Enquirer: 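Right, I'll just put the structure down here and ask away after.
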Amino acid sequence: MNTVALTNDTMPLPTAKDVSAASSKDQPLDIQTIVEELKQASQPVGVPFLDDPKFYTRDVDVFYNQAKQAIFGVDLDIGKNEVIAMIGPSGCGKSTFLRCLNRMNDTIDGCKVTGQLLLDGEDIYGKDQDPVLLRARVGMVFQKPNPFPKSIYDNVAYGPRIHGLTTNRSELDDIVEDSLKKAGLFNEVKDRLQSPGTGLSGGQQQRLCIARAIAVSPEVILMDEPTSALDPIATATIEELIDELRQSFTICIVTHSMQQAARISQRTAYFHLGYLVEVNKTNTVFTNPQHRLTENYITGRFG
Amino acid sequence: MSNKTELVRASLAKRYAREKRFRFWGLASIVLSLAFLAILLTTIFMQGLPAFTQTYMKLEVDLSAEALGVDANAPQDKLRAASYETVVMNALTTRFPGVTERKQKIALKKLVSSSAAYDLQAMVMADPKLIGTKQTVWVMADDDIDTYFKGNIDRNQPEADRRIKDFQLTWLDDLEAKGEVERRFNVTFFTSGDSREPEQAGILSALMGSFYTMLVTLLLSFPIGVAAAIYLEEFAPKNNPFVDFIEVNINNLAAVPSIVFGLLGLAVFIQFFGVPRSTALVGGLVLTLMTLPTIIIASRAALKAVPPSIRQAAYGMGASRVQTVFHHTLPLAMPGILTGTIIGMAQALGETAPLLMIGMVAFIVDIPQGITDPAAILPVQIYLWSDSPERAFTEKTSAAIIVLLFFLVIMNLLAVLLRKRFERRW
């Protein structure tokens, strides 16, 4: 945990924040106070807005079963070909927000999303937006590797098949090979494309899931803690992969590892209790956080 | 520290004793149930296995034209009507000369089954040239004789209590001594329908009736049940009072006494829709009603057991709901669904009560040729035979139970095999 935190402690804190940071160390953090403070803030600290963003979200609220609100008024822009990391304590709503971006929340009963979410200016929750088409444009990789219990080939070919992206077998073969190469898995599995995808190791399975997601050439890939079930070596492989994929895709990644966020992302968003607290260049967030909640989190004072 | 050790040690003995007691009771109940199963199977097999053999008797028949009343050139219908019974009777009186008393003559005639005359008829009609020759044939013995040779009649009992009298015993001893009786495999049991004569009664009509009934049941209940389960599990809105109401009712239906389904079938299918009674069609319809809740509940459980991560993966790829269900969820749930279906079918195969209500308890000799022919089914056949007064039907009853158990075991094996075949890990 603590390379980032250590660096941070050695850095001189900005004078403007001295007072609040000092007081936060002494005072116990009262949830009521925090919530009040977050409610008051009209927009996140830092640089939440961009010109010509890929995703444009304003005032997003998410409710589970009417009674429980998971996300409160999130305003965030996500740029093209950037890797944005979403961090925060468990239950802070970062995964929920991620799942709004391709309407995966639709599959949860009683989940209601309000506010404005645009993908390239198109309303994601608009009446004429088809979730099937949306998910072909916005792919997703999950926390636990979840390849289909089919062959490696069929796993990757599934998306192109259901969306009718190819007309013949050789085209499909090309897509499968290309996707596996992009996911850095091809050399390991080229001799056993017909063996079951579930027989691969955890890290390979996750790369298979990434290959499966990129096989339909999405514009965005959402990753929900993609390496939390993997060992450090597999994690490193995936992180390298994410860096390469940035050339062609926009990537939103939810992670619990702050080092990972620091290593792979250009921007970082910090969520707390369902509020988006701070968004900024990753470097800035980790070396010079503007909000005391962010600072407390990245220095390991809570979370 | 030592105090704590003491405390833990004191409780240890109690804990281990409890564990020991629990293991003892578990083992005891398993042993007890195995013992009952063993007793059940032993009784059934002891009683039933003899039914798979049948006593045959050697008969020297004189197919003379005088005795038959026809000659070799007679047309078919004359041949059919010839007096074969006389030939059989003649053969018996030749074998046991000197029987004059009327009661003994009747007993003599009843040494062989009434099917003997039909066997001769078939033989002569196939080859009329046999007329005028002498032939040695083996014919089925009567059920009482068969029962005696199987050791089920005690010759030490007082004569008045015996079905076989002393004079018959001398005949039988003579036959046995000269090797003119033989136990053979009972083909008739597997090739003919029910009969009033135990030695001629067979299981085939009941078997075919059960087959057609199960066919109708499977073809209706499997698709309907699985479709209902898929809808309820994957498509129906959750936390909807109407859907909850349907769920509660399906679960309750599984517990409804089966005879109620029989009454329903009688009222709806036979009275209202006019489906012919006593047929495999109406039997299958009634058993479908009975099997549906089982299949729906098992299929829903199987669908529920598919890990949500697979559904998420499919949705994440942009698969529609139907694609998700048919490409991923359903194939993964298939082993469970098939197991549930086969258990439901096995239940239906053994079901008697509802079928009594729709007239499937009739005495059916003909082998049903389709789902609209009157048919008996195995459990009803067992019920009918167990109710028959003839001693020989006791073993037929057990034999029919063995056949039924055989098919149940086959179905359960099939369930295991299918599960192995379709099982995929994720």
Side-chain angles (χ1 to χ4, degrees), chain A residues 65-66 98-99 101-111 130-151 154-165 196-199 205-206 208-216 218 221-224 229, chain B residues 229-248 299-339 418-426:
Chain A
N65 293 326
Q66 286 152 5
L98 189 77
R99 296 160 62 90
L101 298 178
N102 69 344
R103 285 181 66 169
M104 278 300 278
N105 283 337
D106 287 16
T107 60
I108 299 168
D109 276 293
C111 179
D130 191 318
V132 168
L133 175 65
L134 176 72
R135 290 177 199 146
R137 294 175 61 191
V138 183
M140 187 151 193
V141 176
F142 297 85
Q143 178 174 7
K144 216 178 111 210
N146 57 355
F148 298 128
K150 297 173 187 280
S151 71
D154 286 338
N155 260 287
V156 183
Y158 184 68
R161 271 190 188 136
I162 58 169
H163 295 303
L165 299 185
T198 43
Q205 287 191 13
Q206 194 61 301
L208 178 61
C209 293
I210 294 175
R212 182 177 68 187
I214 58 188
V216 291
I221 303 178
L222 309 178
M223 298 186 174
D224 192 355
Chain B
I230 290 176
Y231 180 78
L232 286 172
E233 202 52 50
E234 305 284 335
F235 292 92
K238 299 274 182 292
N239 303 322
N240 177 320
F242 183 63
V243 176
D244 290 346
F245 178 72
I246 290 176
E247 285 184 27
V248 169
S299 305
R300 291 191 60 181
L303 287 168
K304 224 178 230 151
V306 173
S309 66
I310 296 293
R311 279 189 200 96
Q312 298 232 316
Y315 286 133
M317 291 303 301
S320 67
R321 268 180 164 192
V322 171
Q323 283 173 328
T324 305
V325 169
F326 284 95
H327 295 169
H328 303 290
T329 322
L330 192 59
L332 287 174
M334 222 37 178
I337 293 178
L338 288 176
T339 312
L418 283 173
R419 189 160 46 186
K420 282 254 154 68
R421 166 81 184 71
F422 283 101
E423 203 144 60
R424 270 185 283 189
R425 263 182 257 156
W426 46 77

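The analysis underlying the following values was restricted to heavy atoms, covering all of them including side chains, and did not include hydrogens, waters or symmetry mates. Please read all numbers here as calculations on a predicted model, not as lab measurements. The sequence lines fix the lettering, A, B, ..., with proteins before strands; numbering per chain opens at 1.
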Enquirer: Heavy-atom pairs under 4.5 Å with chain B - which of His163(A), Gln205(A), Met140(A) has more of them than the others?
Expert: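 Going by pairs under 4.5 Å, I would pick His163(A).
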Enquirer: Taking distance alone, no hydrogens or angles, what donor-acceptor pairs closer than 3.5 Å link side-chain atoms of residues 326-338 of chain B to residues at least two apart or in another chain?
Expert:
residue   : atom : partner   : partner atom : Å
His327(B) : ND1  : Tyr158(A) : OH           : 2.6
His328(B) : NE2  : Tyr158(A) : OH           : 3.2
Thr329(B) : OG1  : Thr324(B) : O            : 3.2

Enquirer: Under 4.5 Å, counting heavy-atom pairs only, tell me which of Pro237(B), Ala319(B), Ser320(B) racks up the most with chain A.
Expert: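 The candidate making the most pairs under 4.5 Å is Ala319(B).
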Enquirer: At a heavy-atom distance under 4.5 Å, which candidate from Asp106(A), Asn65(A), Thr107(A) has the highest pair count against chain B?
Expert: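 That would be Thr107(A).
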Enquirer: With a cut-off of 6.0 Å (strictly less than), are more than 12 heavy atoms of other residues, nucleotides or ligands near NZ of Lys238(B)?
Expert: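 Atom NZ in Lys238(B) is crowded, with more than 12 foreign heavy atoms closer than 6.0 Å.
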Enquirer: Output a table of donor-acceptor pairs, distance under 3.5 Å, between side-chain atoms of residues 310-318 of chain B and any protein atom two or more places apart or on a different chain; print 'none' if there are none.
Expert:
residue   : atom : partner   : partner atom : Å
Arg311(B) : NE   : Glu234(B) : OE1          : 3.2
Arg311(B) : NE   : Glu234(B) : OE2          : 3.3
Arg311(B) : NH2  : Glu234(B) : OE2          : 3.0
Arg311(B) : NH2  : Leu303(B) : O            : 2.8
Gln312(B) : OE1  : Arg99(A)  : NH1          : 3.4

Enquirer: Let me know which of Pro307(B), Ser309(B), Pro308(B) forms a side chain to side chain contact (heavy atoms under 4.5 Å, CB included) with Asn146(A).
Expert: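 Running side chain to side chain contact (heavy atoms under 4.5 Å, CB included) over Pro307(B), Ser309(B), Pro308(B) with Asn146(A) returns exactly one hit, Ser309(B).
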